K.L.:
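Attaching a single structure in structure tokens format; questions to follow.
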Amino acid sequence: MYPEDLKYTKEHEWIRVNDATVRVGITSYAQEALGDIVFVTLPAVGERVQAGQPFGEVESTKSVSDVYAPLSGEVIARNEVLDSTPELVNSDPYGEGWLVELAVDDTSATVSLLDAAAYAQHVKA
């Protein structure tokens, strides 16, 4: 149900690790709970984010939700396509619906994140 190659947060973000960078998005569970996503607010390239702190927002027809940084680092890319097609977060949360890429301060911090099985248990609870 949740891709095995990703790490997850209890706040429903995922990361895909690529050496010293990570790609960040929200999980299928989160996008389903939000409903139809109509707007995404993301930080600019060059901004710094802090682990556990909000770095953007996802607005749906139901609500506005913060997106939290899974790790600390610098934004090196943002998914500009979401400016015009935010619904990609609903239709492809683990692919074209990614949010930002980060150059992380400490890649070893990924060990504190959940694997797919632990995340699945978390959402059941």
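The figures here come from the full heavy-atom set of this structure, side chains too, leaving out hydrogens, waters and symmetry mates. It should be emphasised that the depicted structure is a prediction, and the values quoted were computed from it without experimental measurement. Start at 1 with the first residue, then count along the sequence.
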K.L.:
Drop me the distance from Thr61's OG1 to Phe39's CZ, to the nearest 0.5 angstrom.
P.N.:
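So the OG1 of Thr61 and the CZ of Phe39 are separated by 15.0 Å.
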K.L.:
Is it true that a side-chain atom of Asn90 and a backbone atom of Ile37 form a donor plus acceptor pair closer than 3.5 Å?
P.N.:
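Checking the backbone N and O of Ile37 against the side chain of Asn90, a donor-acceptor pair under 3.5 Å is found.
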K.L.:
Kindly work out whether a path of hydrophobic side-chain contacts (I/L/V/M/F/W/Y, heavy atoms less than 4.5 Å apart) joins Met1 to Tyr29.
P.N.:
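Linked, Met1 and Tyr29 end up in one cluster.
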K.L.:
Could you list the residues that satisfy side-chain hydrogen bond (donor to acceptor under 3.5 Å, both in side chains) with Ser28, not counting sequence neighbours?
P.N.:
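Testing Ser28 for side-chain hydrogen bond (donor to acceptor under 3.5 Å, both in side chains), a comparison that skips the adjacent residues, returns Tyr94.
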K.L.:
Using modelled atom types and a 3.5 Å cut-off, is there a donor and acceptor pairing between side-chain atoms of Asn79 and backbone atoms of Trp98?
P.N.:
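Yes, the answer is positive, given that a donor and an acceptor are paired below the 3.5 Å cut-off.
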K.L.:
Under a 4.5 Å side-chain heavy-atom rule over Ile, Leu, Val, Met, Phe, Trp and Tyr, are Tyr8 and Val49 clustered together?
P.N.:
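Each belongs to a different hydrophobic cluster.
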K.L.:
Could you check if a side-chain atom of Phe55 sits within less than 4.5 angstrom of a side-chain atom of Val67, using non-hydrogen atoms only?
P.N.:
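Yes. Closest side-chain heavy atoms under 4.5 Å.
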K.L.:
Looking only at heavy atoms, what is the nearest atom pair of Val40 and Pro86, with distance?
P.N.:
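Result for this residue pair: CG2-CB, 3.9 Å.
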K.L.:
Applying side chain to side chain contact (heavy atoms under 4.5 Å, CB included) between Ile15 and each of Leu6, Leu71, Thr9, Leu102, report the one that passes.
P.N.:
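Among Leu6, Leu71, Thr9, Leu102, the one meeting side chain to side chain contact (heavy atoms under 4.5 Å, CB included) with Ile15 is Leu71.
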K.L.:
If only atom types and distance count, is the side chain of Glu47 paired as donor or acceptor with the main-chain N or O of Ala44 below 3.5 Å?
P.N.:
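Confirmed, Glu47 side chain pairs with Ala44 backbone.
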K.L.:
Would the distance check show the side chain of Trp14 and the main-chain N or O of Ile26 forming a donor-acceptor pair, the cut-off being under 3.5 Å?
P.N.:
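Here the side-chain-to-backbone pair exists.
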K.L.:
Check this for me, if you would: do Asp36 and Lys62 make a salt bridge, where the nitrogen-to-carboxylate-oxygen distance has to be below 4.0 angstrom?
P.N.:
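Result for this pair is no, no salt bridge flagged.
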K.L.:
Give the table of side-chain donor-acceptor pairs shorter than 3.5 Å for residues 115-125, with sequence neighbours excluded, one pair per line with atom names and distance.
P.N.:
{"from": "Asp115", "atom 1": "OD1", "to": "Ala117", "atom 2": "N", "distance (Å)": "3.3"}
{"from": "Asp115", "atom 1": "OD1", "to": "Ala118", "atom 2": "N", "distance (Å)": "2.8"}
{"from": "Tyr119", "atom 1": "OH", "to": "His12", "atom 2": "ND1", "distance (Å)": "2.6"}
{"from": "Tyr119", "atom 1": "OH", "to": "Thr27", "atom 2": "OG1", "distance (Å)": "2.8"}
{"from": "His122", "atom 1": "NE2", "to": "Lys10", "atom 2": "O", "distance (Å)": "3.0"}

K.L.:
Looking at Ser65 and Leu34, what are the two nearest heavy atoms and their distance?
P.N.:
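Minimum heavy-atom contact is OG-CD2, 3.1 Å.
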K.L.:
Indicate, with yes or no, if Val89 and Val81 share a hydrophobic cluster defined by side-chain heavy-atom contacts under 4.5 Å among Ile, Leu, Val, Met, Phe, Trp and Tyr.
P.N.:
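Same cluster.
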K.L.:
Run the side-chain contact (heavy atoms from CB on, under 4.5 Å) test on Val24 and Val22 for me, step by step, so that the C-alpha distance in whole Å, both residues' side-chain angles and the decisive distance to 0.1 Å come before the verdict.
P.N.:
CA-CA 6 Å; Val24 180; Val22 298; 4.1 Å; yes
K.L.:
Using a 3.5 Å distance criterion without hydrogens, assess whether the side chain of Asp92 forms a donor-acceptor pair with backbone atoms of Glu96.
P.N.:
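Such a contact is found between Asp92 side chain and Glu96 backbone.
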K.L.:
What I want to check is whether the side chains of Glu101 and Thr21 have a donor and an acceptor closer together than 3.5 Å.
P.N.:
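Distance-only check fails for Glu101 and Thr21.
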K.L.:
Under the side chain to side chain contact (heavy atoms under 4.5 Å, CB included) test against Leu42, which residue among Leu99, Val58, Val75 passes?
P.N.:
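Result for side chain to side chain contact (heavy atoms under 4.5 Å, CB included) with Leu42: Leu99.
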K.L.:
Could you go through the side-chain contact (heavy atoms from CB on, under 4.5 Å) check for Leu113 and Glu13 one step at a time?
P.N.:
CA-CA 10 Å; Leu113 301 176; Glu13 290 82 23; over 6 Å; no
K.L.:
Short question: side chain of Ser72, backbone of Ala51 - any donor-acceptor pair under 3.5 Å?
P.N.:
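Judged by distance alone, yes, a pair lies under 3.5 Å.
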K.L.:
Is Val100 reachable from Leu88 through a run of hydrophobic residues whose side-chain heavy atoms are each under 4.5 Å from the next?
P.N.:
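Yes, because Leu88 and Val100 connect within a single hydrophobic cluster, where side-chain heavy atoms sit under 4.5 Å apart.
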